[in-house]
Amino acid sequence: MKETTVGKAKGILKNFLIEPFVAHKQEEEFYVCIYATREGDYMLFHHEGGVDVGDVDSKALKLLVGVDEKISADTVKSQLLTHAPADKKEMLISFLVGLFNMYEDLYFTYLEINPLVVTKDGVYVLDMAAKIDATADYLCKAKWGDVEFPPPFGREAYPEEAYIADLDAKSGASLKLTLLNPRGRIWTMVAGGGASVVYSDTICDLGGVNELANYGEYSGAPSEQQTYDYAKTILSLMTREKHPNGKVLIIGGSIANFTNVAATFKGIVRAIKDYQDPLKEHEVTIFVRRGGPNYQEGLRVMGEVVQTTGIPIHVFGTETHMTAIVGMALGHRPIATQPRVAAHTANFLLNTSGGTTTPASSRSASFSEVKTGAENSSAQKTRAGLPPAKSTTLFSNHTKAIVWGMQTRAVQGMLDFDYVCSRQEPSVAAMVYPFTGDHKQKFYWGHKEILLPVYKNMADAMKKHPEVDVLISFASLRSAYDSTIETMQYPQIRTMAIIAEGIPEALTRKIIKMAEEKGVTIIGPATVGGIKPGCFKIGNTGGMLDNILASKLYRPGSVAYVSRSGGMSNELNNIISRTTDGVYEGVAIGGDRYPGSVFMDHVLRYQDTPGVKMIVVLGEIGGNEEYKICKGIKEGRITKPVVCWCIGTCATLFSSEVQFGHAGACANQASETALAKNKALEEAGAFVPKSFDELGDVIKSVYDNLVAKGVIMPAKEVPPPTVPMDYSWARELGLIRKPASFMTSICDERGQELIYAGMPITEVFKSEIGLGGTLGLLWFQRRLPRYACQFIEMCLMVTADHGPAVSGAHNTIVCARAGKDLISSLTSGLLTIGDRFGGALDAAAKQFSKAFDSGMLPMEFVNKMKKDGKLIMGIGHRVKSINNPDMRVQILKDFVKQHFPAAQLLDYALEVEKITTSKKPNLILNVDGFIGVAFVDLLRNCGGFTRDEADEFVEIGALNGIFVLGRSMGFIGHYLDQKRLKQGLYRHPWDDISYVLPEHMTM
């Protein structure tokens, strides 16, 4: 096979479509294309098709079918087919209308046919290119069938990519991996969709594009195990081929909003330890930079790996610019001296005031901040005949919200933010959760515990909380659309944040259209939200309190920002707090192709807000929204300084297409590239850095200039108030210790797979130890020999049932016939088990063991029990006798004699049986007694237990467990039998009862 070049990509063509030849004339070829935009779907039609069609954008006729609108034959005929041959118009109308309906029904986002051939015999699609919205899989799976999404031309599909994609599909987190150059020396393991793009940009900016081995990201709070699996995949890939200059691994990320950094780093550390020898052999140097919840512990754990493995690892926290480690890794800047990392997150959180009242405001307002009544107003009044106007001010320190979803951690974070901002009341009025009934949920307000109402349906929540004008939706991608549409039926809601990622684009556009009609501002989908320091924060925005306080988000500054990425918005909080007087407001509009509100919506709000003195925009590759900012600056609508940088500059350097972490981060034309946007913004008059590395310097320069001009007059800083730390988080940080409420040594379900007494469940099945072996693990914490496992299973089989007349089965049957459920009926039967029925295993084992161990002869034992007036447990049977032996006992006896290494106690019991049956033939060693003594022989002689351990298991009642477990099978069988036979309520007959009353009552 020969390598082919298509554009900049080189690869081998492997897939070919072979179709029947359709004879036709040139004038029978047409061009048709449908593609999605924010406002609707455009259909393009040109009466000339084929390979020489040329610039169809300028030639073709266009028809816009708006969101939620239907295509009609008349509009197709009048707007698209004016130049089409008259004799083919009807056929084309029918085809184009049907094509568009199919395009909508199957959630296409792009569909191009060239040429479309129409002859007198019919319509033929000779060549077609199309894209479907992969997020609509849950809606279209039955219609699509099994769809495979192949890698773009020029890049091979690797099994490791498929493995990570499979992990991603099974996880609520986001795990992505694309191999660019498996022989490259620069490898990345980056947390966050936006951050992963920024790191790739910086590597390419510093000349590393040809050595960049992979693109990928992990985000959305993956577990330690998921992070371990992700990390070991990358470490495995990078240690397959040596590089003459060694290799570097960049473990980077922005400041996390809610991911526990320590937990994810522990997974990475496990992987590094597993691969320490190959990493040293391949001369790998690791550079780490991260921030977020519990990041200090994560960095400490990562730093310790240097001592234990000898691998060179350089660790940095939020004091270091996010991408500074790239320059260090590539030799463009010296490796900084690693600062002493704070011991734990709690540095900011420990309360020293001892007070329980809401703290006073910690900072006076900026001298440049203008107070206006609009700050606390809701949406502006609707003008007659026009949609309701959207509010300039989305949030104030009186804003009240309803949270959709049982997101207790996010709500507690909002309440802690409210408290530290000196709000008088919590910003969350209620929660809506359709899967439970109405109830109250407990939260903390400072030191006090408070109750917030949780409603089953939206209508009740809205009715009882008319002051609410914000809804924060944590609904899943499957239910987000319906819950959002329902919410917008209530005029009181003026702002909505939709957190879910992966809502189909067609549904998102319907949400946007309805929001425009009703004057509702949408933040999201696929967002962490937004924050207005001193006033309000959405969900997990801003991270935990340590970051809120470190980034000074508890009071307003003078800088407002808008970003797509949630993680990068937290990084902006950090950068702005270190270079200016802080953030006035920040919004992450979301990473999907069609965010509910766009950059310009928020930039114009900031322009019209007196307290905002400068604006920061973090754009990205894909879409054209940044050009509206250019236009606004040129036309004078935006007069405040705008610092702007678009991430994704590396995309033009890659030879094949790479889908970045955000769905919308993909350039469909030259103008949508990050390079083109950055150039246009700079030409329009925005302040554009040369790279993300310099973003902080440019922000500082613009801010210092505004201070010098007197536009901004920084206010005096006052120490922030403190908030008590949650007990659970203090324990997570290792600040406190508490004895565990429970201890267990038999099972651990916390890891990737269930573990029974140290044995993974996969190994349990692989070893084929059966039910007996499993019981050995869970009851005795031992891997028992094969014969022991078989004996346990035989015991369960012979004790499974003994007919309906015995007390346990009788009770179960009566209970079942009384209409009780399975659990109640089973319990009723089990409660009859004791020394008189079924519980003789333990008692028999104890009695015989004591006699045998004390050296008593069998006759002495029998005589002593008779003298003491005690029954010998395990001896005697109501039906069976020496002449009518119990076959269950015989089967077990044969097995024990054949397989047990010794059976001294059983032999002793059989000698006792000879004595008792000589007196009465039914005083045999019954099945309870046999299992009891045989089990003692098993424990003492199988080699897995000490004598003390064997005796302890008898003492604590393990042997009775055999009967309980076995007989439960029979009791359940009797329950099911009675239900199947539809037996009615049982009443015992009078003639089977002797009524013995006191004599004076019978006279």
Side-chain angles (χ1 to χ4, degrees), residues 186-206 208 212 214-219 227 230-231 234 247-257 259-269 272 284-306 311-342 345 543 546-547 550-551 565 567-575 577-579 618 647 661 691-697:
I186 305 167
W187 291 77
T188 64
M189 197 183 307
V190 180
S196 61
V197 180
V198 171
Y199 276 96
S200 298
D201 284 351
T202 309
I203 290 167
C204 294
D205 288 342
L206 297 179
L212 180 58
N214 70 306
Y215 168 79
E217 58 118 350
Y218 66 95
S219 59
T227 316
Y230 185 81
I234 290 177
K247 294 184 179 182
V248 294
L249 173 61
I250 296 169
I251 301 175
S254 55
I255 300 171
N257 288 289
T259 298
N260 185 335
V261 174
T264 56
F265 269 23
K266 284 174 184 173
I268 296 173
V269 164
I272 290 173
V284 174
T285 305
I286 300 175
F287 291 82
V288 180
R289 191 274 185 184
R290 192 74 163 107
N294 208 6
Y295 81 94
Q296 294 93 339
E297 173 66 10
L299 298 184
R300 185 191 66 77
V301 169
M302 192 67 76
E304 286 180 352
V305 182
V306 183
I311 297 168
I313 304 178
H314 306 281
V315 183
F316 303 92
T318 55
E319 75 293 329
T320 303
H321 185 71
M322 188 178 102
T323 52
I325 60 170
V326 178
M328 298 179 203
L330 302 190
H332 289 270
R333 67 165 76 188
I335 299 174
T337 304
Q338 296 174 39
R340 182 177 166 274
V341 175
T345 308
D546 64 326
N547 190 64
S551 297
S565 165
M568 290 306 299
S569 69
N570 221 3
E571 196 61 46
L572 288 177
N573 291 331
N574 181 49
I575 293 171
S577 72
R578 291 176 183 274
T579 54
L618 189 65
I647 66 174
S691 68
F692 183 83
D693 247 0
E694 297 181 8
L695 180 62
D697 298 334

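- Across all their heavy atoms, Ser200 and Tyr215 have their closest contact at OG-CD1, 3.4 Å.
- Partners of Phe692 according to the ring pair (Phe, Tyr, Trp, His ring centres under 6.0 Å) rule, which considers only residues two or more places apart in sequence or in another chain, are His321.
- Atoms CD1 and OG1, from Ile325 and Thr202 in turn, are 9.5 Å apart once rounded to the nearest 0.5 Å.
- Summarising the geometry of Asn257 relative to Pro293, their closest heavy-atom pair is O-CG, 3.9 Å, with the distance given to 0.1 Å.
- Atom OG1 of Thr285 and atom CD1 of Ile335 lie 7.5 Å apart (nearest 0.5 Å).
- With sequence neighbours excluded, the residues that form a salt bridge (charged side-chain N to carboxylate O under 4.0 Å, His left out) with Asp693 are Arg333.
- A side-chain donor-acceptor contact under 3.5 Å links Tyr199 to the backbone of Gly253.
- Not counting sequence neighbours, the partners of Ser219 by the side chain to side chain donor-acceptor pair (under 3.5 Å) test are Glu217.
- Within the model, atoms CG of Leu299 and CD1 of Ile313 stand 11.5 Å from one another, a figure rounded to the nearest 0.5 Å.
- Note: Phe287 CZ to Phe316 CZ = 7.5 Å, rounded to the nearest 0.5 Å.
- One N or O on the side chain of Asn214 and one on the backbone of Thr188 form a donor-acceptor pair closer than 3.5 Å.
- The heavy-atom pair separating Arg290 from Ala191 by the smallest distance is NH2-CB, 3.2 Å.
- Ser577 approaches Ser551 most closely through the heavy-atom pair CB-O, 3.3 Å.
- Note: Glu694 CD to Thr323 OG1 = 10.0 Å, rounded to the nearest 0.5 Å.
- Here the CD1 atom belonging to Ile234 is positioned 4.5 Å from the CE atom belonging to Met189, to the nearest 0.5 angstrom.
- When only modelled atom types and interatomic distance are considered, Tyr218 and Thr264 share no side-chain donor-acceptor pair under 3.5 Å.
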Side chain to side chain contact (heavy atoms under 4.5 Å, CB included) evaluation trace for Val190 with Val198: CA-CA 10 Å; Val190 180; Val198 171; over 6 Å; no
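- Evaluation of the side chain to side chain donor-acceptor pair (under 3.5 Å) rule for Asn260 yields Glu732 as partners, not counting sequence neighbours.
- Residue Ala256 comes nearest to Val261 through the heavy atom pair CB-CG2, 4.4 Å, listed as atom of the first residue, atom of the second, then distance.
- The main-chain N or O of Thr320 is found under 3.5 Å from a side-chain atom of Arg289 such that the two form a donor-acceptor pair.
- With hydrogens and angles disregarded, a donor-acceptor distance shorter than 3.5 Å links the side chain of His332 to the backbone of Leu206.
- In this structure, Asn294 contributes its side chain and Ala262 its backbone to no donor-acceptor pair below 3.5 Å.
- In this structure, Ser691 and Asp205 approach most closely via the heavy-atom pair CB-OD2, 3.6 Å.
- Taking the side chain as every heavy atom from C-beta outward, Val284 and Trp187 never approach each other to under 4.5 Å.
- For Glu304, the side chain to side chain donor-acceptor pair (under 3.5 Å) test picks out Arg300, with sequence neighbours left out.
- A heavy-atom distance below 4.5 Å is not found between the side chains of Ile272 and Leu249.
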Apply side chain to side chain donor-acceptor pair (under 3.5 Å) to residues Asn573 and Asn547 and explain how you reach the verdict. CA-CA 9 Å; Asn573 291 331; Asn547 190 64; over 6 Å; no
Show your working on side chain to side chain contact (heavy atoms under 4.5 Å, CB included) between Ile286 and Val305 and close with a plain yes or no. CA-CA 11 Å; Ile286 300 175; Val305 182; over 6 Å; no
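- For Thr259, there are no side chain to side chain donor-acceptor pair (under 3.5 Å) partners two or more places apart in sequence or in a different chain.
- Side-chain contact check for Asp546 versus Gln296: some heavy-atom pair is nearer than 4.5 Å.
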